[in-house]
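Right, one structure below, let's go through it.
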Amino acid sequence: MANVTKGKTSADIMPDTMPVSSLSGVSPGGAREAQLHKLGIYTVGDILRHYPRRYEFRGDVVTVKSVIDELSTPSLSYPFPSFFDNIDTSYDATTPKSFILTVVTEPKLMTSRRGLSYIKFRAADDTGVCEVVFFNQPYLKRTFPTGSRFRFYGKPTLTHGSLRLTSPSYEAAPPGAELAPVVPVYSLTSGMTQKIFSGLVKKAFSLASSTLLDRIPEKLREKRSLPTLRYAIENIHFPSDEKSLDTARRRLVYEEFLIYALKVMRIKATRDTLCAHYIDKTDITPLISQLPFPLTGAQKRAINDIYSDLRGKNGKRGPMYRIVVGDVGCGKTVVAAAAAYFAIKNGFDCAMMAPTEILARQHYADLSDLLGKVGIKVVLLVGSQKARERRESIDACCDPNGPPVLAVGTHALIEEGVRFRRLGLVITDEQHRFGVMQRAALSGKGESAHVLVMSATPIPRTLSLVMFGDLDESKIDEMPPGRQRVTTYVVDESYLERIEAFMKSETESGHQVYVVCPAVDDDNDGNTDADPDEIYDDSGMSGTGRRDMMTAVGYAEALSKKFPDIKVAYVHGKMKGAEKDAVMRAFAANEIKILVSTTVIEVGVNVPNATLMVVLNAERFGLSQLHQLRGRVGRGSAKSICILVSRYAKAKGTTAYERLETMRTTYDGFAIAERDLALRGPGDYLPSSESTRQSGEMPINLSGMDSECAMKILEAAFQDAREIISDDPTLSKHEHEPLAAITAPIEGAERTIS
Ligand code: ADP
Ligand code: MG
C-alpha cells in the first residue's frame, strides 16, 4: 500500500486513494479484494492501469462453411508441426475465429476414453453446423439451451469433414445484442475471471474517469497528436477497433517513456552535482601479475578508461558512470576486479550486484579467489544466507575498524540494514536486468559513489544513445585468444533423433550438454472464464509460463528414460532459489551431464566443460537471447556446437527463417542486437517486467506494438524529456507539476545529495 499516496499531487488523489473496495462487488476484507491485492491492485487507479495483456478481435464473424472450405485446403504458412504439438490428421486453424451460432441440439454430458467428462452439442449458422465441446465443466449443460444464440470464439478444427470448437469463449448473442468487437484479455489470478475483471474496470472507469489526471502537458499532446488520458484509458480497455486501440496504446507508451526518460535524466542531474571520491595513483601490477593469462587489448582499454574516470582525468568532476559492454565470455569479470582493486586500495568499500543468486555466488567465488591473492576481503550477501552468515557479511561492510571490502550479492545488497563505511564504487552486472532506479538505490548507499555497469547484452547503438546517452561506454570487442566460434546449425524437428544421439556421444566423451525449452504460447486459451494459461501466466513474459516448465520437466524425463545411464536434470524459473542453485552447482561440478532448462540459464553461468547447446522451438526466442544462450558453450578449449531446432528451419521467406539465418551466419553480438531491435522492438532491452513490479518502471507491455513504432515513440519521448528538463530543470512550472512528483529521483538517489 506504501506506494499509493507517495508523491502524488492533489489533483490525482481521487482514483489513487480510493480503495478497490469502493467499487460495488468488492467488499473490504472479502475474497474479491484479496484477489485484487494479489495482482498488486489496491486502488481504483490501479485497476485502470492494469492493462489487458492482449486482445481478441471478435468482431470479424466468419461462417461455418467458409472455415470448412479454408481448412480443407491447408495453407503453407504452417509447414511443420511443432515437436510438442499432438500430431494427428486433423487440420487446425492457425488463429482463433469468431462465429455466431444458434444451439441446435441439447448439450449431452459424456465421458471420454481417458475418463474426462465433457459436454457436447451442435450449433449452426445459415451455412452449416459445428460441434461444440467443453471439457470438465458439466455445469455448462444448462448454459446452452437449444434455440439460444451465442458468439463463440476459438480455434476450430476440422476432423473427418466436420467442424469442431473445443472450449471456445462464448457470450450470449440474442438477436439485436450489441457485442464488443474487441475483447480484452487480462493477466489474472486464480478465482478471478475475465468477465468479472472487465466489469470492475467498467465500474472503476465510470467512477473515476472524470478525475483522472493527465500528466502530459497539453502542448506536448498536441505536438505529438496524442489523445487525452481519459480517452487512452477507455480505449486501452475497451477499444472499438484496432485504430482506437493503437491511438490509446501510443499515448500510454509515450507517457511511460516520458516518465522513464525524466526519471533517468533527473537521477543523472542529481548525480552531476556530486563531487566524486578521489582515487589516488594506484599500481595495479600486483593484481594483473596474479592472472594466469595476459589481458586482451580491449580489457586493458576498459581498465584504463575506468582508471581515468576514478582519477578524475576525464575532464569531469562527478563520479564515474560507465558501462562496459562485451559479449559473453569476453572477460568482464577481470575488469570489474580491477575497478574494485582501485577503489579498495584507496580505502573505499565496493559493492557488486548481480541479478541472480547463482551468478552472485559465481562472482563471489571468482573474485574472492582473484582478489584474495592480493589481500582484499570479499563477502557475500544473498537472500538465502543463514542469519549468522549474513550478519557477518553486513558487519564486514560497516565495522568502522575493519578493512575495506568488496561485497558481492543480489538485491539483498540494497535492502534496509545494509550499510557501508565508505561506499566508493558500485558495480552492477548484466545491467539490462536491473532498472535505472534499482541501480540508483544501490548507489544511494554511498554518497557520490562511482558506478560501473557490466552488460553482456550488447545494447543496440540506437537504443543506448537514447537510453544511456549519459553513460560513458567501454566496449570489449575482442575475445581472449584461443576462443572458438560456436558453430551453429539450424535444423527442423526431424533431426531430433540424431541430435539426441549426439548428446549421448558428447557426454560419453566427458562433456556436458544444455537443452533449452521455450515458453509455449497459449494456443488454446479459449474459455475466458477458466483459462489456465491466463491464470498462471502472470508475467506476460516468455520463460515463465506454466507449460514451458512442464516441457522442460517433460523433456528431461523423456531423455532420462531414453538414456538411463546418463544423469539428466532440469531447472526452471518456478523452482525455489536454493533448489535451482543446487542443480546449477551439480551441473558446474559435472555431476549432471545434460541440463534441460528454460531460459533461467541465460544469465552468465560459467561451465567450460559444456560443449553442446540445443535450443528447441528456437523461433520463439529473441535473437539476443539466443546469442546469450549460445555463449553458454564454447567457454573451454573443446570444440562447441549450438543446434537451433525449429519447424521454420526450411521455411524460406518467413521472418522466423530469416532470424534463424541471422543466428547461423552472425557471431557478432552487436550486429545481432541491431537486428533483434529491428525485428522485435525495444521492449526486450528495457527493464524486465519483474523488476518493473518492484520499482514501478515500465508497466506497459510493448509486445503488441510494432517495433519501429515503439522506437519512434521512445525517441520522441526522450527528445521531449530533454526539452522539458532544459527548459525547467526542477519541473516546477505549473504544467509540469504532475510529472514532477512521479519522476522525482527516488529516496536512495536523494540521499546522495542530502
Ligand atoms: P564475461 O565477460 O562473460 O563475464 P568472464 O569474465 O566470465 O566473461 O570470462 C570468461 C572466461 O574467460 C573466464 O574463465 C576467464 O577466466 C577467462 N578470461 C578472461 N580474460 C581472459 C584473457 N585475457 N585471456 C584468457 N582468458 C581470459
Ligand atoms: Mg560475466
The reported gap from CG in L179 to CD in E171 (rounded to nearest 0.5 angstrom) is 5.5 Å

Ignoring hydrogens, what is the shortest heavy-atom contact between P738 and L213? Give both atom names and the distance.
CB-CD2, 3.5 Å

Can you tell if the side chain of P217 reaches within under 4.5 Å of the side chain of L739, non-hydrogen atoms only?
yes

Is the backbone of P184 close enough, under 3.5 Å, to the side chain of H237 for a donor and an acceptor to pair up by distance?
no

Pair L71-L163, side-chain contact (heavy atoms from CB on, under 4.5 Å): steps then yes or no
CA-CA 9 Å; L71 293 185; L163 201 63; 4.0 Å; yes

Aromatic contact between F144 and Y170, with the criterion being ring centroids under 6.0 Å apart: yes or no?
yes

From CA spacing to verdict: salt bridge (Lys or Arg N to Asp or Glu O under 4.0 Å), K219, D720
CA-CA 11 Å; K219 218 170 51 197; D720 294 344; over 6 Å; no

Give a yes or no answer on whether the side chain of T127 reaches the backbone of K65 with a donor-acceptor pair at less than 3.5 Å.
yes

Greater than 12 external heavy atoms within 6.0 Å of E106's CD
no

In short, E56 meets S169 closest at the heavy-atom pair OE1-OG, 4.1 Å

H736 side chain reached by T743 side chain, heavy atoms, under 4.5 Å
no

So do L626 and D676 actually touch side chain to side chain, heavy atoms under 4.5 Å?
no

Between D125 and G128, is there a donor-acceptor pair closer than 3.5 Å when you use the side chain of the first and the backbone of the second?
yes

Measure the shortest side-chain to side-chain distance between H50 and F197 over non-hydrogen atoms and say whether it is less than 4.5 angstrom.
yes

Would one find more than 12 heavy atoms of other residues, nucleotides or ligands at under 6.0 Å from atom NZ of K223?
yes

To the nearest 0.5 Å, what is the distance between CZ on F134 and CZ on F121?
5.5 Å

Smallest heavy-atom separation, A248 atom then A232 atom, equals CB-O, 3.4 Å

State, with a plain yes or no, whether a side-chain heavy atom of D126 is found less than 4.5 Å away from one of V64.
no

Look at the side chain of R164 and the backbone N and O of T157, then say whether any donor-acceptor pair between them is shorter than 3.5 Å.
no

Backbone N or O of E242 within a donor-acceptor pair of the D246 side chain at under 3.5 Å?
no

Heavy-atom neighbours of R224 CZ exceed 12 at 6.0 Å:
yes

Within this structure, what is the CD1-OH distance for the pair I196 and Y186, rounded to the nearest 0.5 Å?
13.5 Å

The single option from I233, I236, D16, L207 passing side chain to side chain contact (heavy atoms under 4.5 Å, CB included) against L48
I233

Spell out, as yes or no, whether a donor-acceptor pair under 3.5 Å connects the side chain of R659 to the backbone of E619.
yes

Over all atoms of both residues, closest heavy-atom pair of L226 and Y254:
CD1-CD2, 3.4 Å

Quick one: does S244's side chain have a donor or acceptor within less than 3.5 Å of a partner on S240's backbone?
yes

May I ask you to establish whether K712 and F257 are in a cation-pi arrangement, using a distance under 6.0 Å from NZ or CZ to the six-membered ring centre and at most 45° from the ring axis?
no

Does a side-chain heavy-atom distance below 4.5 Å link E70 with K97?
yes

Donor-acceptor under 3.5 Å (E33 side chain, G29 main chain)
yes

I need the minimum non-hydrogen distance between P19 and V44, along with the two atoms involved.
O-CG2, 3.8 Å

For the backbone of D492 and the side chain of K650, can you confirm whether one donor and one acceptor N or O come within less than 3.5 Å of each other?
no

Set out, in order, the CA-CA distance, both residues' side-chain angles and the distance that settles side-chain contact (heavy atoms from CB on, under 4.5 Å) for T247 and N235, then state yes or no.
CA-CA 8 Å; T247 308; N235 285 280; over 6 Å; no

Separation of L36 CG from L200 CG (nearest 0.5 Å):
6.0 Å

Report yes if some heavy atom in the side chain of I100 is under 4.5 Å from a heavy atom in the side chain of R149; otherwise report no.
yes

Y55 side-chain N/O to F238 backbone N/O, donor-acceptor pair under 3.5 Å:
no

Among side-chain atoms of S209 and R230, is any donor-acceptor pair under 3.5 angstrom?
yes

Is any side-chain heavy atom of S72 less than 4.5 Å from a side-chain heavy atom of L158?
yes

Begin from the C-alpha positions of L39 and L188 and carry the test side-chain contact (heavy atoms from CB on, under 4.5 Å) through to its verdict.
CA-CA 7 Å; L39 290 166; L188 296 177; 4.1 Å; yes

Please round to the nearest 0.5 Å and tell me the distance separating atom CG of D241 and atom CZ of F57.
9.0 Å

Could you give the distance from CZ (F135) to CZ (R114), rounded to the nearest 0.5 Å?
7.5 Å

Please determine whether side-chain contact (heavy atoms from CB on, under 4.5 Å) holds for the pair F99 and V132, giving the CA-CA distance in whole Å, both sets of side-chain angles, and the decisive distance to 0.1 Å.
CA-CA 11 Å; F99 299 86; V132 183; over 6 Å; no

Where is the tightest heavy-atom contact between I119 and P107, given as atom of each residue plus distance?
CD1-CB, 4.3 Å

